[in-house]
There are 2 protein chains.
Amino acid sequence: MIEVAKHDTIGDTAYRNIRNDIIFGRLKPSERLRLEPLRRRYNVSVTTLREILNRLTSDGFVVAEGQKGFEVAPVSDSDLREVADLRILLECHALERSFAQGDLDWEAGVVAAYHKLHVLEKQMMAGETSVRENWKNADWQFHRALIGGCGSRRLMELHGSVFDKYLRYQMLTLTFRGEKAAAEHRSLLDAALAHDAAAAARVLRDHILGGVEHSIANREPGKK
Amino acid sequence: MIEVAKHDTIGDTAYRNIRNDIIFGRLKPSERLRLEPLRRRYNVSVTTLREILNRLTSDGFVVAEGQKGFEVAPVSDSDLREVADLRILLECHALERSFAQGDLDWEAGVVAAYHKLHVLEKQMMAGETSVRENWKNADWQFHRALIGGCGSRRLMELHGSVFDKYLRYQMLTLTFRGEKAAAEHRSLLDAALAHDAAAAARVLRDHILGGVEHSIANREPGKK
DNA sequence: ATAAATAATAATATAGGAAATTTATGAACT
DNA sequence: AGTTCATAAATTTCCTATATTATTATTTAT
């Protein structure tokens, strides 16, 4: 989800771990993040931990209130819909740019990413839930490959942060959307190779909104 | 630019100060941010300062490299164009939502914000450059008021972060765009009261792109 | 002049503790 | 019983001091 830099510090590593733990639900929504226990869990000092939590606060994965400390960002259906709406807006826009400018290297990248995703989807459909994180990673890579030719660093950055928030909601749901999502990915690949941005946008919209409804229908109990 | 919370800590205050100093150009693009000098300047400890710089890094106003420390995010024409493109995308989208849902309170808010902006624009045109920051603040408030009825917290948040990056580029330019921008603001007000989102979007697009070209033509020397 | 070795500088990370604030506990009161 | 208030405990915020590590500048040797 986040690129691994060459020279990363202890803080960078722990940052990625905590961020992933939020996205993949190992740190639950609205969970209080007490410094001392967390410090132990991630093997860093309080100082370093606070730096990390400050970053995550700006990222929107953690909320900080007054001197009450930090907690994991809460979730809600309305927020999910907002996130999905933004993802559609940004990703469709990027798709258009990318399809217009994408060259052969870009196409190759898309095909490669699709292949990986496809294999993992088949494994998921066969019931191998152990590859859940790998599969979601491949999903991320495929969508990123599609928009990779958009030519705007800022757009990619913004899309990444929105995508990860959407992804978090997906990971909070128990079941696998499966065949429908897989078929949509296939359609996206076809549209990409045909450089048909309008078709891709239509599919993507359904793809994302379908994910939202699936997510709300199959959410973990106790969340609202 | 950032709302002042009731219970803010020393860190929050210094964060706002540093952020504003970057946006308003008192901390120059690509300037190295040495911890010790900065610590003195903002009257905080290194620990707190690092927390702040970490937040600003996630915000995109500061870049951190390996263990080489922090520096103010660089600027470039291409980045400005990317930022502007995103602002158009997000703000037009928000405008549409806002115009469709905006009630009488929303209209009143827009009128009020326009009035303040209008007065400050006249002062600027009369040569009172001392109100520069107030004027830009009013500009911010007006644009925020226009989209304030969009009903999406996430969209508002994202727009805010993009707007501030655009604003930074505006503050790096020496001259005032004046009458043209003022006329566009007037058109936006009219479109808002008529709830004509399409017209507003057209004006906004010109408004932003006009700002970009003005900014590039009148940038401070020594920047690229 | 180039490359390797060394010294100086600065950033990262930890520990420990003081001040301030929130949260928990229990007694007194309506 | 439920609320209010005061006190105690826990926690966060913030600082100083210090060790470690990486980068940058300087010197030395080839």
Side-chain angles (χ1 to χ4, degrees), chain A residues 2-22 26-74, chain B residues 2-22 26-74:
Chain A
I2 301 172
E3 277 140 54
V4 183
K6 287 156 251 173
H7 296 292
D8 51 53
T9 62
I10 291 182
D12 291 334
T13 311
Y15 167 75
R16 270 198 306 280
N17 288 337
I18 297 181
R19 196 177 190 273
N20 280 330
D21 284 353
I22 293 174
R26 287 180 289 266
L27 289 170
K28 302 248 154 43
S30 300
E31 180 178 340
R32 294 278 271 108
L33 297 170
R34 291 249 163 63
L35 299 173
E36 195 54 30
L38 220 63
R39 209 219 75 165
R40 279 172 212 290
R41 175 163 169 179
Y42 293 97
N43 273 303
V44 290
S45 68
V46 177
T47 318
T48 308
L49 179 61
R50 284 185 56 84
E51 288 182 14
I52 293 167
L53 293 176
N54 272 288
R55 281 169 75 178
L56 289 167
T57 299
S58 268
D59 288 343
F61 286 110
V62 164
V63 293
E65 240 189 315
Q67 359 240 98
K68 293 202 199 82
F70 302 88
E71 54 188 67
V72 179
Chain B
I2 300 172
E3 277 140 53
V4 183
K6 289 155 249 171
H7 296 292
D8 48 51
T9 63
I10 291 182
D12 291 334
T13 312
Y15 167 75
R16 270 198 305 281
N17 288 337
I18 297 181
R19 196 177 192 272
N20 278 331
D21 284 352
I22 292 174
R26 287 180 288 266
L27 289 170
K28 301 249 155 43
S30 299
E31 180 177 341
R32 291 281 269 105
L33 296 171
R34 292 248 161 61
L35 299 174
E36 194 53 32
L38 219 62
R39 208 217 70 155
R40 280 171 213 289
R41 175 162 169 182
Y42 294 97
N43 273 301
V44 289
S45 70
V46 178
T47 318
T48 308
L49 179 61
R50 284 184 56 84
E51 287 183 15
I52 294 168
L53 294 176
N54 271 288
R55 281 170 74 179
L56 290 168
T57 300
S58 268
D59 288 343
F61 285 110
V62 164
V63 291
E65 237 190 318
Q67 0 242 106
K68 293 203 198 82
F70 302 88
E71 52 188 65
V72 179

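Every chain is numbered from 1, with letters handed out A, B, ... down the list of sequences. For clarity, every value in this text was computed on a predicted model and none was experimentally measured.
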Rounded off to whole Å, could you give me the [atom1]-to-[atom2] distance for the [X] and [N] pair?
X	N	atom1	atom2	answer
I52(B)	dC15(D)	CD1	P	9 Å
L35(A)	dA20(C)	CG	C1'	15 Å
L49(A)	dT13(D)	CG	C1'	13 Å
E51(B)	dT12(D)	CD	P	13 Å
Q67(B)	dA10(C)	CD	C1'	11 Å
I10(B)	dT21(C)	CD1	C1'	13 Å
E36(A)	dT14(C)	CD	C1'	12 Å
R55(B)	dT13(D)	CZ	C1'	13 Å

Under 4.0 angstrom between T9(A) side-chain N/O and dA13(C) OP1 or OP2: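 Yes, such a contact exists.
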When you check the phosphate oxygens OP1 and OP2 of dC15(D), does a side-chain N or O of T48(B) lie under 4.0 Å from one of them?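 Answer is yes, contact under 4.0 Å.
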Electrostatic pair R40(B)-E36(B), nearest N-O below 4.0 angstrom: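 Salt bridge between R40(B) and E36(B), a charged N being under 4.0 Å from a carboxylate O: yes.
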Give the C-alpha distance, both sets of side-chain angles, the deciding distance and a yes or no for side-chain hydrogen bond (donor to acceptor under 3.5 Å, both in side chains) between T9(B) and D12(B). CA-CA 5 Å; T9(B) 63; D12(B) 291 334; 3.3 Å; yes
Distance check, rounded to the nearest 0.5 Å: R39(B) atom CZ versus L49(B) atom CG? 9.0 Å
Side chain of [X] only, heavy atoms from C-beta on: which candidate in [options] is closest?
X	options	answer
R39(A)	dC14(D), dA11(C), dA15(C)	dA15(C)
F70(A)	dT14(C), dA10(C), dT13(D)	dT13(D)
V44(B)	dT14(C), dC15(D), dT11(D)	dC15(D)
T47(A)	dA22(D), dT12(D), dT14(C)	dT14(C)
S45(B)	dC15(D), dA13(C), dT12(D)	dC15(D)

Checking side-chain hydrogen bond (donor to acceptor under 3.5 Å, both in side chains) for the pair D21(A)/Y42(A): CA distance, chi angles, key distance, verdict? CA-CA 11 Å; D21(A) 284 353; Y42(A) 293 97; 2.6 Å; yes
F70(A): which of V62(A), V63(A), L56(A) passes side-chain contact (heavy atoms from CB on, under 4.5 Å):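 Only one option passes, and that is V62(A).
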Toward the 5' end of DNA chain C, which comes first, V46(A) or K68(B), by nearest nucleotide?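 The residue mapped nearer the 5' terminus is K68(B).
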Taking the nucleotide of DNA chain C with the nearest heavy atom to each, does G11(A) or R32(A) sit closer to the 5' end?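 So the residue in question is G11(A).
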